[in-house]
Amino acid sequence: MEHRPQFQKMLECVRDGKVNVIVAYKLDRLTRSVKDLEILISELKKYNCSLECAMDDINTSTAKSK
């Protein structure tokens, strides 16, 4: 994820409290690595930010998806 400057900028916005949900069309547009996804979800959780993927039935803001 370090090689993606706009992704890092998005994470900075999350850390600054400017973003409380990330919406992606498909999960593979966000990351293809399970390890990176685990790191991302942990980071989002720290800042009360959720992840929603339109085509993959992922929404970390609900207990069902967690």
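Being a predicted model, the structure only gives us computed values, none of them experimental. In this chain, residues are counted from 1 in sequence order.
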Of the non-hydrogen atoms in D56 and L27, which two are nearest, and what is the gap between them? OD2-N, 2.6 Å

Nearest 0.5 Å please: distance from the [atom1] atom of [X] over to the [atom2] atom of [Y].
X   : Y   : atom1 : atom2 : result
D16 : L11 : CG    : CG    : 11.0 Å
E52 : D57 : CD    : CG    : 11.0 Å
E12 : M10 : CD    : CE    : 11.5 Å
R4  : K9  : CZ    : NZ    : 15.0 Å

side-chain contact (heavy atoms from CB on, under 4.5 Å) partners for [X], two or more places apart:
X   : result
K35 : S33, I39
V19 : C13, V14, I22, C49
E38 : none

Hydrophobic clusters here meaning ILVMFWY residues chained together by side-chain heavy-atom distances under 4.5 Å, can you tell me if Y47 and I58 are in one? yes

Please determine whether residues V23 and L30 belong to a single hydrophobic cluster, defined as Ile, Leu, Val, Met, Phe, Trp and Tyr linked transitively by side-chain heavy-atom distances below 4.5 Å. no

What pairs of residues pass the side-chain hydrogen bond (donor to acceptor under 3.5 Å, both in side chains) test when at least one of them lies in residues 17-32, not counting sequence neighbours? none

Can you confirm whether F7 sits close enough to L40 that some side-chain heavy atom of one is under 4.5 Å from a side-chain heavy atom of the other? yes

Go through the structure and list residues passing side-chain hydrogen bond (donor to acceptor under 3.5 Å, both in side chains) with E43, not counting sequence neighbours. R15, K46

